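Since the model is a prediction, treat every value here as computed from it, not as a measurement. Worth knowing before you read on, the calculation uses all heavy atoms, side chains too, and leaves out hydrogens, waters and symmetry mates. Chain identifiers are assigned alphabetically (A, B, ...) following the order of the sequence lines, protein sequences preceding nucleic acid strands; residue numbering begins at 1 within each chain.
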Number of protein chains: 2
Amino acid sequence: MAPDTGGHGDPTRMRAAPARGLSRRASFLLVQLGTHRHRRFAERLAPLDLHPRHFGMLSQLAENEGQSQQALSSALGIHRSAVVALVDDLEHRGLAERRRDPADRRAYTLYVSPVGRELLAELDRAADEDEAELLTALDVSERSKLISLLQRVAESQGLTAGVHPNLKPGEGDDHTTHGKPRHARTRRTSR
Amino acid sequence: MAPDTGGHGDPTRMRAAPARGLSRRASFLLVQLGTHRHRRFAERLAPLDLHPRHFGMLSQLAENEGQSQQALSSALGIHRSAVVALVDDLEHRGLAERRRDPADRRAYTLYVSPVGRELLAELDRAADEDEAELLTALDVSERSKLISLLQRVAESQGLTAGVHPNLKPGEGDDHTTHGKPRHARTRRTSR
DNA sequence: TATTGTTATACTCTATAACTATA
DNA sequence: TATAGTTATAGAGTATAACAATA
């Protein structure tokens, strides 16, 4: 996440009521919490010299071994060319492996190494601790309530079916118009 | 948000149970949904040639007029130097105004213009529509349940008190160590 | 000497296009 | 001709450092 500043702004300085300003909106809270969690998890992974991306890729790979980089690319919602460096990282550290696809010699099939699986288990535990840290304020039934509500919302937004938010329907790769109208930033002239 | 690929990865290809893989974790769902919402809202604002950042800044400004750029900077959790261009944007479009602070001639005091207030009202409506689009899957009581759970979680993480996730406690500006240990990416050598 | 706003610079992440080797 | 992987390059966003004016 390139946690951009103001999802929708920031609910600053509580006055009296608990639900003031922007934080009365679920959208804002989701952006705020999402950014926060991503950051915290990245900090937790930093000592291992890893990024949440690596965890994501390793998990996806473990659930679906033998995938091509192309397949990984659409599963994770990142571009083909970005996958290259990430897989390089994993491979150079002995966490994953590229094998030539005998059926299509252009493609690789990707596998998680035993070391990778060990690390993944460790990362899963880290993610669980992370999760516990996040949810301290809620009791057990509230936690599962929250998760189930989030799952339903995610599903309704088409997010659980393997299509990452980065990929809008119909955009699987190049050719398609990734070039949305850019925001024309007013540049400073003088002062 | 520089929506980075894999908050924690991606729950690909539902098999049978609804709560599979990474999407059983609240953290993952928050990152996924946060990214998604940020993106959708950015798309909604694009035709107006605006970015969620602008909305965030305008909201924050409207709630607290007369702020300095420095104050805005810590309220939004973005760096002083980044505030400059954003305020430029708003000012050049007649949405906000810089006035010299008579008490401290180094500083500006910032104000939202009448046009800015009008636009803000319009953006608030857009955010409401966005919210509705997000929560279609839930009924009214579920919606408020979700929001209140999210608020409690956000509060427990220290997010509602005006400290944006970007600012870790004690880091208000320069001088402080923004330089965390960078991830050493394994670079490709040959092939 | 410290702070506000500013600029210039570097670094990260992502997107685009072109290239290769296959198909 | 199209596709998998790769590379180089350009863009957006953010962080760092240095500077002028002011405190």
Side-chain angles (χ1 to χ4, degrees), chain A residues 1-6 35 38-39 42 51-53 67-74 76-88 91 98-110 164 166-167 171-180 182-185 187-191, chain B residues 1-6 35 38-39 42 51-53 67-74 76-89 91 98-110 166-167 171-180 182-185 187-191:
Chain A
M1 203 180 270
D4 143 344
T5 292
T35 301
H38 188 269
R39 200 166 293 255
H51 191 273
R53 255 185 302 280
Q67 276 176 110
S68 68
Q69 292 186 192
Q70 195 76 251
L72 236 193
S73 160
S74 21
L76 294 174
I78 59 186
H79 196 271
R80 273 191 309 168
S81 65
V83 170
V84 177
L86 261 347
V87 174
D88 279 357
E91 195 175 35
R98 277 188 248 239
R99 300 183 202 153
R100 279 291 172 196
D101 184 342
D104 181 346
R105 300 210 339 270
R106 291 172 302 181
Y108 288 111
T109 54
L110 303 171
H164 194 94
N166 291 23
L167 279 186
E171 289 186 343
D173 201 333
D174 316 36
H175 315 309
T176 46
T177 334
H178 264 286
K180 307 145 202 151
R182 288 291 178 206
H183 163 68
R185 162 143 300 164
R187 285 314 310 149
R188 166 166 296 257
T189 50
S190 68
R191 175 137 312 224
Chain B
M1 206 179 267
D4 142 345
T5 291
T35 301
H38 188 269
R39 201 167 292 254
H51 192 273
R53 256 186 302 281
Q67 275 177 110
S68 67
Q69 291 187 192
Q70 195 75 252
L72 236 194
S73 158
S74 21
L76 295 174
I78 59 184
H79 196 271
R80 272 193 307 167
S81 64
V83 169
V84 177
L86 262 345
V87 175
D88 280 357
D89 289 349
E91 196 175 34
R98 276 187 248 239
R99 301 183 200 154
R100 277 293 172 195
D101 184 343
D104 181 347
R105 298 206 344 267
R106 293 171 302 182
Y108 288 112
T109 54
L110 303 171
N166 292 21
L167 279 186
E171 289 187 343
D173 202 332
D174 318 34
H175 316 309
T176 46
T177 336
H178 263 285
K180 305 145 203 152
R182 288 292 176 205
H183 163 67
R185 163 144 300 166
R187 286 315 308 149
R188 166 168 296 255
T189 50
S190 67
R191 174 135 313 220

Peer 1: Write down the distance between CZ (Arg100(A)) and P (dA4(D)), rounded to a whole number of angstrom.
Peer 2: 13 Å
Peer 1: Can you name the residues that form a side-chain contact (heavy atoms from CB on, under 4.5 Å) with Ala42(A), not counting sequence neighbours?
Peer 2: Pro52(A)
Peer 1: To the nearest 0.5 Å, what is the distance between NE2 on His38(A) and CZ on Arg53(A)?
Peer 2: 6.5 Å
Peer 1: What nitrogen or oxygen pairs link the protein and nucleotides 19-23 of chain C at under 3.5 Å?
Peer 2:
from: dA23(C); atom 1: OP1; to: Arg105(A); atom 2: N; distance (Å): 2.9

Peer 1: To the nearest angstrom, how far is Asp88(A) atom CG from dC13(C) atom P?
Peer 2: 15 Å
Peer 1: Does the Glu91(B) side chain pair with the main chain of Arg98(B), one donor and one acceptor, at a distance under 3.5 Å?
Peer 2: yes
Peer 1: Kindly write out the residues that satisfy side chain to side chain donor-acceptor pair (under 3.5 Å) with Arg105(B), not counting sequence neighbours, or none if the list is empty.
Peer 2: none
Peer 1: Rounded to the nearest Å, what distance is computed from the CD atom of residue Gln67(B) to the C1' atom of nucleotide dT4(C)?
Peer 2: 15 Å
Peer 1: Honestly, is Arg100(B) close enough over Tyr108(B), meaning NZ or CZ under 6.0 Å from the six-membered ring centre and within 45° of the axis?
Peer 2: yes
Peer 1: CD of Gln70(B) versus C1' of dA2(C): gap in Å, rounded?
Peer 2: 12 Å
Peer 1: So what does Ala82(A) hit on the nucleic acid, given a heavy-atom distance under 4.0 Å: a base, only sugar-phosphate, or nothing?
Peer 2: nothing
Peer 1: Within the 4.5 Å heavy-atom criterion, are Leu86(A) and Leu72(A) side-chain neighbours or not?
Peer 2: no
Peer 1: Take atom CG of Leu86(B) and atom P of dA12(D), then tell me their distance rounded to the nearest Å.
Peer 2: 14 Å
Peer 1: Arg106(A): which residues meet the side-chain contact (heavy atoms from CB on, under 4.5 Å) condition with it, sequence neighbours left out?
Peer 2: Asp104(A)
Peer 1: Let me know the distance between NE2 of His79(A) and C1' of dC13(C), rounded to the nearest Å.
Peer 2: 14 Å
Peer 1: Roughly how many Å is it from CG in Leu72(B) to C1' in dG5(C), rounded to a whole number?
Peer 2: 13 Å
Peer 1: Over all heavy atoms of both residues, which pair between Ile78(B) and Ser73(B) is shortest? Give the atoms and the distance, please.
Peer 2: O-OG, 2.7 Å
Peer 1: Rounded to whole angstroms, how far apart are CD1 on Ile78(B) and C1' on dT16(D)?
Peer 2: 16 Å
Peer 1: What residues, two or more places apart in sequence or in another chain, satisfy side chain to side chain donor-acceptor pair (under 3.5 Å) together with Asp101(A)?
Peer 2: none
Peer 1: With a cut-off of less than 4.0 Å, is there a side-chain N or O of Arg98(B) near OP1 or OP2 of dT6(C)?
Peer 2: yes
Peer 1: Between the protein and nucleotides 8-10 of chain D, list every N/O to N/O distance that falls short of 3.5 Å.
Peer 2:
none

